[in-house]
**Q** 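Following this message is one structure expressed as structure tokens.
Read the numbers this way: they start at 1 and go in the same order the structure lists the ligands and their atoms. One is the number of the first residue; the rest follow in order along the sequence. These figures come from a predicted structure and were not determined experimentally.
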Amino acid sequence: MNRETLSNIVKGIVIFAAAVCFGLAIAELPKTSFSPGFLAILAFATIVAPRTSLALPRSRFAISFSDAAVFLTFLLYGGPAAIVVAALESASNCFYLRKKGFYFGKWMIPTNVSINTVSIAVTYLVWLRVAPLIGEANTSTQYIVAAVGTIAGVQFLVSSVLVVILAWARKGSPPFQTWKQDCFASSMTQIVGAGLAGLALKIVNYDVVTIIIASVAIVIAYLSYRQSISEVNDAMLTAEAAERAKAEIERERRREAEKHAEQLTATLQKEELANEALRKSEKDLQHSALHDSLTNLPNRKHFHERLRQMIDAYKADPRKTFHVLFLDLRKFKNINDSLGHALGDKVLMIAAKRFVRMLNATDMVARIGGDEFAVILNDVNGVGKAQKIARRLLDNISHPFSLSGNNVSISVNIGIAPCDTEYNTPEEVLRDADIAMHYAKEWNSGVAVFTKELRERFLERIRYENDLRNAIARNELSMSYQPLIDIQDGTLLGFEALLRWNHSEIGNIPPNKFIPIAEESGLIIPITVWILEQTTTQLASWQKISPEYRDLIVSVNISGKHLSNDDLITDVQNALAISKIDPRSLKLEITESTAMEDAEHTIDMLNRLKLLGIQLSIDDFGTGYSSLSCLHRLPFDTLKIDRSFVYSVGENGENSEILQTIISLAKNLKKKVIAEGIETESQLHLLQNLGCDYGQGYLLARPQTREKAEQSLYERKSWLPEKVVEIEDSVEETVNIDESLPVF
Ligand code: C2E
Ligand code: MG
Ligand code: MG
């Protein structure tokens, strides 16, 4: 059986018992009881008592007159009358309280009424047995105390037992706890009620005046007590309100504090995130400060740091050797120009990957410039091993690959600088590796190892470059003129202008030594502009010497650097404009190898130059591997056979086949032929017999100073030798040329 059913059963029994008691009480109620006094008490108990109960502050007690009315009825009019009053009084009380807002559950009112009814009924039954023991009813105080005490005590006991049973049936509450909680409080009201009932009984037996005075006194006491209780309650309410307000303020403060704490946590979290981001960006910054963004390889700074450590370590312990490789991609500019910068970048990335793949984890490869990389080789025993590794890098990097449909192949020049105790800074090591790389490029050897001799030559070269920069201003440059002769009739065709540098400290420096420096540094362009002006103006004055010299020409050598520069057209135009010579009198010589470097561009440039009316000559023909298909598209007027082919011809005309072939090729292409380097009569005769048009060489005339050339014009000398001419007779004025110096 569940609790609800049990509780309902117990309630039902109590209500049923109360109904029976109430019915029997009504039936038993003696007619005499319906006196005005009974009705007055009944009215008081049901109407006044509920409204006059006084709740004691801060307690569950309430002083009620209901109990007093019930006990008084009991003593004055007997048990049945008391049962009726108790039932009606508690019903009225409950309804009054419900009206006031108290909540009563479904069966609470009938249950309460029944508990009161049954407890008074049981008290009545007990009283019937106890009354004879107390003695005859009288108005003595002893009797009243005994009677009221008995009635109140029994009633309290019975109602407590019923409450405990009901609470146990409903919730299973322990009986003693229920009694302490719900019944003990009512024992107080019971005592007060019993006291009041006794007092009332005592008063009723006095005379009317005393009754009135006592009643008034009781009413006044009641009212003043009620007043003071109401004040206490008000004060308590105010205090409670203040406490509530204080608690509310504190709650508000706590809420504020919690909010602040939350905000603080959020701010701290944000700050932590910001710090995290800062730490990350610092890390990224550090990475990007030390790495190249394109290849992600260490950059120059990073490389320097590592190299500095290696230098220090080597100084401390000579067993900790290292080698530095300087790698420069060959003709990377061409890749960039032809494929575009985006693909150029990809080529760099591929090169970087290949380098990394080929090296050990302990080595370091860095990108230190546009197309420049550097490597630190760790613990490599001897320069021979370093060279081997460099060769392997070179071979590996040259494997062709496909890039956006283009077949690309790259190559590098590598310079090696072995560790040396002389090195104090990373710059010094890199500088020497760079020098070695420079020579690898120069000698076309791919790999070169740095030596101290290389450094000296390099420094000399740097010096030449610096001095050459100021050579025009210092009047150190001059032109030498070598006559070009018609070898069929011995007339003078003109002169080849050859540059001379008479260094103020060193003396004469051969063209083979300084012209490559001028070309590499770009200085050849302003120098050639100067040459064009000098030589055309010179020619203009020579042409005026005699009508027979009106058609003299000057042949100027043009470097590949200048040919690839559009300014050459304007430079030539300017020279022609200044000198006012017939454009046909100016011939430009372009070496075959230069012309073939970028044949399409050369053809375009030469066609534009031809439009100016000038003549063009292909120089050093036979050394530049021209393709025949290209040759006929090049708008040259003259083909100049390289002197090596003339030189190899023997006294009796041996090895003349190549000369023969070149001359007939030129004839077929309808070009004039000029042979340079004619030093012997047999060479001259052979060339004459082969039908070569013009000649140039020590046999005919050496390059001469401007004055000497002019003098020979006035002398009108015959240029073809009548007998073998002693070469020494016409030694060029240039001296001190150290031919043993290597060519860069
Ligand atoms: P190149 O244009 O082939 O000049 C002819 C060279 O042959 C000149 O040497 C000349 O002195 C030399 N030569 C002439 N006849 C003989 C001979 O019978 N035997 C021998 N062994 N040599 C002979 P040079 O003046 O030393 O010039 C060397 C090269 O320097 C020139 O070769 C030319 O390529 C270059 N060069 C000279 N002057 C200039 C210039 O003004 N501009 C440019 N871009 N290059 C120049
Ligand atoms: Mg020449
Ligand atoms: Mg030549």
Side-chain angles (χ1 to χ4, degrees), residues 468 471-472 477-485 487 494-502 508-536 538 553-565 568 571 575 587-595 615-624 636 638-649 673-681 683-684 687 694-705 719 721 725 727-728 730-734 737-739 741 743-744:
L468 197 57
I472 298 179
L477 295 184
S478 65
M479 297 316 296
S480 212
Y481 294 93
Q482 186 172 27
L484 305 169
I485 312 296
I487 56 170
F495 298 94
E496 177 174 5
L498 296 161
L499 184 63
R500 297 292 176 257
W501 182 15
N502 188 12
N508 284 310
I509 301 171
N512 289 347
K513 204 163 173 185
F514 72 83
I515 287 201
I517 298 173
E519 285 186 336
E520 212 170 271
S521 60
L523 283 169
I524 193 69
I525 293 178
I527 290 175
T528 307
V529 171
W530 176 82
I531 293 172
L532 282 167
E533 273 180 38
Q534 289 278 312
T535 53
T536 51
Q538 184 58 71
I553 66 155
V554 70
S555 217
V556 175
N557 293 286
I558 299 294
S559 93
K561 258 259 162 77
H562 209 164
L563 192 71
S564 60
N565 187 323
L568 178 61
D571 297 338
K587 187 182 266 188
L588 301 186
E589 288 190 15
I590 290 119
T591 58
E592 187 189 16
S593 50
T594 303
Q615 296 193 62
L616 298 171
S617 175
I618 186 162
D619 201 357
D620 301 340
F621 188 77
T623 57
F636 285 112
T638 319
L639 209 145
K640 201 176 203 182
I641 305 171
D642 189 69
R643 65 174 176 269
S644 58
F645 300 109
V646 178
Y647 179 79
S648 56
V649 171
V673 199
I674 180 163
E676 63 178 15
I678 305 172
E679 293 185 358
T680 64
E681 281 218 24
Q683 288 167 352
L684 176 65
L687 287 163
Y694 307 109
Q696 174 186 5
Y698 294 168
L699 177 73
L700 307 167
R702 284 203 166 233
Q704 322 175 342
T705 59
W719 296 100
V725 178
I727 290 171
E728 286 75 20
S730 55
V731 169
E732 194 187 347
E733 72 288 355
T734 52
I737 295 179
D738 180 6
E739 297 283 357
L741 276 172
V743 176
F744 285 101

**Q** Would L499 count as being in polar contact with ligand 1, using the rule that some N or O on each side must be under 3.5 angstrom apart?
**A** yes
**Q** Taking it one step at a time, do M479 and T535 satisfy side chain to side chain contact (heavy atoms under 4.5 Å, CB included)?
**A** CA-CA 8 Å; M479 297 316 296; T535 53; 4.1 Å; yes
**Q** Quick check on contacts: which atoms of ligand 1 are under 4.0 angstrom from a heavy atom of G677?
**A** 16 (C), 17 (C), 18 (O)
**Q** For atom 22 (N) of ligand 1, which of Y698, W501, F514, Y647 has the closest heavy atom?
**A** Y698
**Q** Out of the candidates Q482, K587, E589, only one should pair with S555 under the side chain to side chain donor-acceptor pair (under 3.5 Å) rule; please name it.
**A** E589
**Q** Given that the side chain starts at C-beta and the backbone is N, CA, C, O, which of these parts of E496 lies under 4.0 Å from ligand 1, counting heavy atoms, or is it both or neither?
**A**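 Answer for E496: side chain.
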**Q** With a cut-off of 4.0 Å, which atoms of ligand 1 are near a heavy atom of N512?
**A** 28 (C), 29 (C), 30 (O)
**Q** Taking 4.0 Å as the limit for heavy-atom contacts, which would you say applies to T528 with ligand 1: side chain only, backbone only, both, or neither?
**A** neither
**Q** Counting only heavy atoms, which portion of I531 has something under 4.0 Å from ligand 1: side chain, backbone, both, or neither?
**A** side chain
**Q** Should I553 and Q615 count as side-chain neighbours, where that means a heavy-atom distance under 4.5 Å?
**A** yes
**Q** Which single N/O/S atom of E589 lies at minimum distance from the Mg ion (ligand 2)?
**A**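 Looking only at N, O and S atoms of E589, the one nearest the Mg ion (ligand 2) is named OE1.
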**Q** Tell me which N, O or S atom from E496 is the closest to the Mg ion (ligand 2).
**A** OE2
**Q** Minimum heavy-atom separation for I472 and P526, please, with both atom names.
**A**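 Shortest heavy-atom separation between I472 and P526 comes out as CD1-O, 4.3 Å.
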**Q** Of all the atoms in ligand 1, which lie at a distance below 4.0 Å from a heavy atom belonging to E679?
**A**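 Once the distances to E679 are compared, the set is 17 (C), 18 (O), 19 (N), 20 (C), 21 (N).
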**Q** Measuring from non-hydrogen atoms of R500 to any atom of ligand 1, is the shortest distance under 4.0 Å?
**A**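 Yes, R500 has heavy atoms under 4.0 Å from ligand 1.
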**Q** Compute the minimum heavy-atom distance from P703 to ligand 1 and say whether it is under 4.0 Å.
**A**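 It does; at least one heavy atom falls under 4.0 Å.
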**Q** In the structure I gave you, are the side-chain heavy atoms of I558 and V556 within less than 4.5 Å of one another anywhere?
**A**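 Contact flag for I558/V556 side chains = yes.
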**Q** Before moving on, can you tell me the angle at the Mg ion (ligand 3) between the OE2 atom of E676 and the OD1 atom of D619, to the nearest 10 degrees?
**A** 120°
**Q** In terms of atom number and element, which parts of ligand 1 are under 4.0 angstrom from non-hydrogen atoms of I678?
**A**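 Going through ligand 1 atom by atom, the ones under 4.0 Å from I678 are 18 (O).
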**Q** Within the structure provided, determine whether L523 and F514 are in side-chain contact (heavy-atom separation under 4.5 Å).
**A**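 Answer no - side chains too far apart.
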**Q** Determine whether the side chain, the backbone, both or neither of D620 has a heavy atom under 4.0 Å from any heavy atom of ligand 1.
**A** side chain
**Q** State, to 0.1 Å, how close G560 and E519 come at their nearest heavy-atom pair, and which atoms those are.
**A** N-OE2, 4.3 Å
**Q** Write down the atom of Q534, the atom of Y481, and the distance for their closest heavy-atom approach.
**A**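 In this case the closest contact between Q534 and Y481 is O-OH, 4.4 Å.
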**Q** Checking only N/O/S atoms, does S617 have one that is under 2.8 Å from the Mg ion (ligand 2)?
**A** no
**Q** Compare all side-chain heavy atoms of S480 with those of Q704 and state whether any distance is below 4.5 angstrom.
**A** no
**Q** Which option out of R643, E676, Q683 puts a heavy atom nearest to atom 7 (O) of ligand 1?
**A**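 Shortest heavy-atom distance from atom 7 (O) of ligand 1: R643.
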**Q** Test I674 against every option in L484, I485, L687 by the side-chain contact (heavy atoms from CB on, under 4.5 Å) rule and name the one that passes.
**A**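 Considering L484, I485, L687, a side-chain contact (heavy atoms from CB on, under 4.5 Å) with I674 is found only for L484.
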**Q** Does any non-hydrogen side-chain atom of E496 lie less than 4.5 Å from one of K640?
**A**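 Yes, side chains in contact.
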**Q** Of the non-hydrogen atoms in W719 and A701, which two are nearest, and what is the gap between them?
**A**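 Shortest heavy-atom contact: CZ3-CB, 3.9 Å.
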**Q** Counting backbone and side chain alike, does D620 bring an N/O/S atom below 2.8 Å of the Mg ion (ligand 2)?
**A** no
**Q** Using a 4.0 Å heavy-atom threshold (strictly under), name the region of I515 that reaches ligand 1: side chain, backbone, both or neither.
**A** side chain
**Q** Do ligand 1 and D619 have nitrogen or oxygen atoms that lie under 3.5 Å from each other?
**A**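 So ligand 1 has an N or O lying under 3.5 Å from an N or O of D619.
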**Q** Heavy atom under 4.0 Å from ligand 1: found in Q482's side chain, backbone, both, or neither?
**A** side chain
**Q** Check ligand 1 against G697 and write out every atom of the ligand that is under 4.0 Å from a heavy-atom position of the residue.
**A**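 Selected atoms, number and element: 15 (N), 18 (O).
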**Q** Under a 3.5 Å distance rule, please check whether E679 uses its side chain to pair with a backbone N or O of G697 as donor and acceptor.
**A** no
